[in-house]
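Reckoned from all heavy atoms, side chains included, excluding hydrogens, waters and symmetry mates. Quick note on labels: first sequence line is chain A, next is B, and so on, each numbered from 1.
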Amino acid sequence: MSGFAGMQDLETLAREQVRLAALTPDAWRPGAHIVVGAAFVAFARGEQGPGRAGDHAVIGAAATRDTTPLNSVVVDGRAGARYKPGYLAAREGAMLETALRALMDEPVELDVVLVDATGRDHPRRAGLALHIGAVLDLPTIGVTHRPLLATGPEPPDEIGGFSELVLDGEVVGRWLRVRQGVRPLAVHAAWRTDAAVASETVLGLTTVARTPEPLRFARMAAREARAQKAR
DNA sequence: GCGACAG
DNA sequence: ATCTTGTCGC
């Protein structure tokens, strides 16, 4: 049974988010080398806006040892709901869980998982990145183009330059510059991670692109499979 | 009441 | 999320 069973209902999800936000799991500390998992949901091309429940998607999940690719899987999925800010888990939660569990069936033990979503930067302090970590019982880090509710100043324009993303007085993430002259990433504290650990980990996983390698591989796998499917 | 608002 | 051409740079 899915950890996101029933979460397509917004009221049910909101209650679960409040419950998760109050939990205090042990902090995760990355070792010298880490095995990283990541997943990306690619919806069918052509559709724009919030979409609707049942939308078809291809989900790619990839694992890396530090920055080196280990393996990847692809699964098909259906959106649990239309997109609504604060309720991304209703739309993508179950799909991400399915893909990441498929990845975990492989003989690799994940240390941490990256997802395109916020964590504590959320109306109920439990965005999808935090939620998926609780469900999978794995530390998680969120990576997005912009914050959901948190705000912070422009980070210094140098590799590693960062500023704090603050929500209601709480540091929930960081604006992180992974490449000079390129707009920063919003990195989110999520399940068992704080802003500093999340930020430093993401910086260490970024090499040739703005997007950290595990997420880049997951996205590539998803889009490639989507293209195949369209033939 | 109106707009903002992860993907 | 997805839609989009050319263009600057290595």
Trainee: Please report, rounded to the nearest Å, how far the P atom of B:dG3 is from the NZ atom of A:Lys84.
Mentor: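 After rounding, the gap between these two atoms is 16 Å.
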Trainee: Counting side-chain heavy atoms from CB outward, which of B:dA6, B:dG7, C:dT2 is closest to A:Thr118?
Mentor: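 Of the candidates, B:dA6 comes closest.
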Trainee: Considering every strand and a 4.0 Å limit on heavy-atom distances, what is the contact class for A:Gly86: base, sugar-phosphate, or nothing?
Mentor: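 Base, at least one base atom sits under 4.0 Å.
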Trainee: Round to a whole Å and report the spacing from OH of A:Tyr87 to C1' of B:dA4.
Mentor: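 Nearest whole value for this atom pair: 15 Å.
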Trainee: Select base, sugar-phosphate, or nothing to describe what A:Ala129 touches, counting heavy atoms under 4.0 Å on all strands.
Mentor: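 Contact class for A:Ala129: none.
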Trainee: Taking A:Pro212 as the fixed residue, which of A:Val202, A:Ile141, A:Val178, A:Leu203 is the one that meets the side chain to side chain contact (heavy atoms under 4.5 Å, CB included) rule?
Mentor: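 Single pass found, and it is A:Val202.
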Trainee: To the nearest Å, how far apart are A:Phe43 CZ and B:dA6 C1'?
Mentor: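 Roughly 12 Å, once rounded to whole Å.
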Trainee: Give one of base, sugar-phosphate or nothing for A:Arg223, where a contact means two heavy atoms less than 4.0 Å apart.
Mentor: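 Answer is sugar-phosphate: A:Arg223 comes under 4.0 Å of backbone atoms only.
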Trainee: Could you give the CD-to-C1' distance, from A:Gln17 to B:dA6, as a whole number of Å?
Mentor: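 Atom-to-atom, A:Gln17 to B:dA6, this comes out as 12 Å.
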Trainee: Round to a whole Å and report the spacing from CZ of A:Arg52 to C1' of C:dA1.
Mentor: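 One finds 17 Å between C1' of C:dA1 and CZ of A:Arg52, rounded.
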Trainee: When the distance from CG of A:Asp55 to P of B:dG7 is rounded to whole Å, what number comes out?
Mentor: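 Going from A:Asp55 (CG) to B:dG7 (P), I get 17 Å.
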Trainee: Without hydrogens or angle criteria, can the side chains of A:His56 and A:Arg78 be said to hold a donor-acceptor pair below 3.5 Å?
Mentor: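 Present: a donor and an acceptor within the cut-off.
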Trainee: Contact class for A:Leu128 (heavy atom, under 4.0 Å): base, sugar-phosphate, or nothing?
Mentor: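 Result for A:Leu128 = base.
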Trainee: Looking only at side-chain N and O atoms, does A:Thr12 offer a donor or acceptor that is under 3.5 Å from a partner on A:Asp9?
Mentor: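 Checked: A:Asp9/A:Thr12 side chains pair up, N/O donor to acceptor below 3.5 Å.
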Trainee: Among B:dA6, B:dG7, C:dC3, find the nucleotide with the atom closest to the side chain of A:Gln48.
Mentor: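 Minimum distance to the A:Gln48 side chain belongs to C:dC3.
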Trainee: Roughly how many Å is it from CG in A:Leu185 to P in B:dA6, rounded to a whole number?
Mentor: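 Rounded to whole Å, this separation is 16 Å.
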Trainee: Between A:Arg210 and A:His145, do the side chains contain a donor N or O and an acceptor N or O under 3.5 Å apart?
Mentor: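 Yes, A:Arg210 and A:His145 have a side-chain donor paired with an acceptor closer than 3.5 Å.
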Trainee: Give a yes/no verdict on base stacking between C:dA1 and A:Tyr83: centres under 5.5 Å, planes within less than 30° of parallel.
Mentor: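 Whether judged by distance or by angle, A:Tyr83 falls short somewhere, so it does not stack on the base of C:dA1.
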Trainee: What is the nucleic acid contact for A:His122, judged by heavy atoms within less than 4.0 Å: base, sugar-phosphate only, or nothing?
Mentor: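 Touches a base.
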Trainee: Please report the distance, rounded to the nearest Å, between CG in A:Leu215 and C1' in B:dA6.
Mentor: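 For the pair A:Leu215 CG and B:dA6 C1', the rounded distance is 13 Å.
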Trainee: Under 4.0 Å, heavy atoms only, any strand: does A:Pro123 hit a base, just the sugar-phosphate, or nothing?
Mentor: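 If one applies the 4.0 Å heavy-atom cut-off, A:Pro123 turns out to touch nothing in the nucleic acid.
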Trainee: Have a look at A:Gly49 and say if it touches a base, only the backbone sugar-phosphate, or nothing, with a 4.0 Å heavy-atom cut-off.
Mentor: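 Base, at least one base atom sits under 4.0 Å.
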Trainee: Step through the shown structure and confirm whether more than 12 heavy atoms of other residues, nucleotides or ligands are within 6.0 Å of CG on A:Asp137.
Mentor: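 Check fails, neighbour count at 12 or below.
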